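Remember, predicted model here, so these are calculated numbers, not experimental data. What you see below is based on every heavy atom in this structure, not just the backbone, and it leaves out hydrogens, waters and symmetry mates.
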Amino acid sequence: MTVDFTPDPQLYPFQSRWFDSTAGRIHYIDEGAGPPILFWHGNPTWSFLYRDIVKVLRDHFRCIAPDYLGFGLSDRPSGFGYTISEHARVLGEFVNHLGLDGYLTMGQDWGGPISMAVAVERAEQVRGIVLGNTWFWPTDTLTTKIFSRVMSSPPMQHAILQRNFFVERLIPAGTERRPSDAVMAHYRGVQPNPAARAGVARMPKEILAARPLLERLAHEVPAKLGAKPALFIWGMKDVAFRPGPSLPRMRAAFPDHVVVQLPTAKHFIQEDAPDRIAAAIVERFG
């Protein structure tokens, strides 16, 4: 299925582009000129999450932000399983299609593991790494395991699919200030009904189910990408990816790193501190 939603050009002043992957049609934006930077969203967001960062950075970089299958304006293909491995395979096709060389990559939430899974296969094409409030290893914190099991339970799957729980509850909870009605309408509008939310419902299950991929990334990211320059931008008030357990692993994987702390930002750092994020990327890689 396709989603019938037209973003407000005041909020999202970008041209929609499309890539026909082997699994379905992917929507993306490709704005500006200069060194390429790829932006990878998490759950339950889409390329709209990066709008204010892209508005600033397109004067410095070629900014590319896809919507995963099941998210944003991309297709909801019936035969697709929405596993992280499947997303990584399809988005690898997308990066190959673009023919990027010397690209920067920024991932947050599930955009971390997905961006790293794509990058380890194309390490020679990657110029630098930006990660924020994310991970790329098997989860070993009890709260994260409980979150995965609870969100995978029948009552919560019902809430995610029928009541759009991730959009209605987790986006406001994961931002410093509740997003405006207009912004919330853009997260709701691309998840209009239960059939459109299958990808959102699958991702919390993948926290545990994707363990084989995450185990592989825990080894391959430092081995294949660890010499790249890295930038870690962290919302310090995020309860999902607390800086204490997360940042030491990031630092260990990428010795050549810079850390930028966002003292009051929560999980969705792109909503809470887009200007700080854009400035940090320009300072590190501009």
Side-chain angles (χ1 to χ4, degrees), residues 40-45 49 68 70-71 81-88 106-118 120 129-161 164-176 197-222 230 232-254 259 261-262 264-272:
W40 308 84
H41 66 81
N43 196 20
T45 55
L49 178 69
Y68 312 152
F71 293 81
Y82 300 106
T83 66
I84 300 307
S85 294
E86 286 171 286
H87 284 305
M106 177 176 180
Q108 176 263 345
D109 191 85
W110 273 111
I114 291 171
S115 69
M116 293 296 92
V118 172
V120 293
I129 309 288
V130 185
L131 293 168
N133 296 76
T134 186
W135 84 113
F136 53 79
W137 50 81
T139 184
D140 46 15
T141 59
L142 185 61
T143 51
T144 310
K145 290 178 178 175
I146 291 170
F147 175 83
S148 179
R149 292 204 172 99
V150 169
M151 291 298 158
S152 304
S153 68
M156 288 312 302
Q157 286 285 297
H158 183 270
I160 294 166
L161 291 167
N164 209 10
F165 176 86
F166 261 66
V167 167
E168 300 297 345
R169 300 296 293 277
L170 295 195
I171 289 179
T175 44
E176 189 181 345
R197 301 169 192 154
V200 173
R202 177 71 209 178
M203 275 194 173
K205 299 180 180 181
E206 286 290 291
I207 294 169
L208 296 176
R211 187 174 186 92
L213 172 64
L214 293 166
E215 285 176 343
R216 181 165 66 81
L217 291 178
H219 296 290
E220 290 191 356
V221 168
F232 309 134
I233 309 174
W234 224 262
M236 303 300 282
K237 293 283 171 62
D238 184 3
V239 297
F241 295 96
R242 297 179 190 277
S246 305
L247 278 172
R249 293 197 69 158
M250 293 285 176
R251 292 174 186 270
F254 296 96
V259 177
Q261 298 183 5
L262 308 172
T264 60
K266 290 183 164 182
H267 180 62
F268 296 103
I269 55 174
Q270 304 93 327
E271 291 289 349
D272 285 346

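Between the CG atom in Leu208 and the CD atom in Glu206 there is a gap of 9.5 Å [rounded to 0.5 Å]. In this structure, CZ on Arg169 lies 13.0 Å from CD1 on Ile171, to the nearest 0.5 angstrom. Between atom CG of residue Asn133 and atom CG of residue Leu262 there is a gap of 7.5 Å, rounded to the nearest 0.5 Å. Remark: Leu131 CG to Gln108 CD distance equals 10.5 Å, nearest 0.5 Å. Remark: Gln270 CD to Thr45 OG1 distance equals 7.0 Å, nearest 0.5 Å. For the atom pair NZ (Lys237) and CD (Gln261), the distance works out to 11.5 Å, reported to the nearest 0.5 Å.
Residues Leu161 and Ala201 approach most closely at CD2-CB, 3.8 Å, considering heavy atoms. Across Ala198 and Tyr82, no two heavy atoms sit closer than the pair CB-CE1, 3.9 Å. Across all non-hydrogen atoms, the minimal contact from Ile114 to His87 is CD1-CB, 4.1 Å. Closest approach of Phe241 and Thr134 over heavy atoms only: CD2-O, 3.6 Å. A pairwise comparison of heavy atoms in Phe254 and Val221 identifies CZ-CG1, 3.5 Å as the closest pair. In terms of heavy-atom proximity, Ala117 sits nearest to Leu213 at CB-CD1, 4.4 Å.
Partners of Pro172 by side-chain contact (heavy atoms from CB on, under 4.5 Å), not counting sequence neighbours, listed by chain and number: Arg178, Met184.
Only one option out of Thr83, Asn43, Ile160 pairs with Met203 in a side-chain contact (heavy atoms from CB on, under 4.5 Å); it is Asn43.
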*Go through the steps to decide whether Trp40 and Tyr68 satisfy the test side chain to side chain contact (heavy atoms under 4.5 Å, CB included), and finish with yes or no.*
CA-CA 9 Å; Trp40 308 84; Tyr68 312 152; 3.4 Å; yes
*Determine, stepwise, if the pair Val259 / Leu247 fulfils side chain to side chain contact (heavy atoms under 4.5 Å, CB included).*
CA-CA 9 Å; Val259 177; Leu247 278 172; 4.3 Å; yes
*Apply side chain to side chain contact (heavy atoms under 4.5 Å, CB included) to the pair Arg211 and Leu214, showing each step before the final yes or no.*
CA-CA 5 Å; Arg211 187 174 186 92; Leu214 293 166; 5.5 Å; no
*Let me see the working for Met250 and Phe136 under side chain to side chain contact (heavy atoms under 4.5 Å, CB included), right down to the final yes or no.*
CA-CA 9 Å; Met250 293 285 176; Phe136 53 79; 3.6 Å; yes
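A donor-acceptor pair is defined here as one N or O able to donate and one able to accept, closer than 3.5 Å; no such pair exists between the side chain of Asp109 and the backbone of Gly111. In this structure a side-chain-to-backbone donor-acceptor pair under 3.5 Å is missing from Glu220 to Val120. In this structure a side-chain-to-backbone donor-acceptor pair under 3.5 Å is missing from Glu271 to Thr175. Of the possible donor and acceptor atoms, none in the side chain of Glu215 sits under 3.5 Å from a partner among the backbone N and O of Pro138. Side-chain N or O atoms of Trp135 include one that pairs as donor or acceptor with a backbone N or O of Trp137 at under 3.5 Å.
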Give the table of side-chain donor-acceptor pairs shorter than 3.5 Å for residues 146-156, with sequence neighbours excluded, one pair per line with atom names and distance.
{"unit_1": "Ser148", "atom_1": "OG", "unit_2": "Pro204", "atom_2": "O", "d": "2.7"}
{"unit_1": "Ser152", "atom_1": "OG", "unit_2": "Ser148", "atom_2": "O", "d": "2.6"}
{"unit_1": "Ser153", "atom_1": "OG", "unit_2": "Val150", "atom_2": "O", "d": "2.6"}

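Using the six-membered ring where Trp is involved, Phe71 and His41 have ring planes that are tilted, between 30° and 60° apart.
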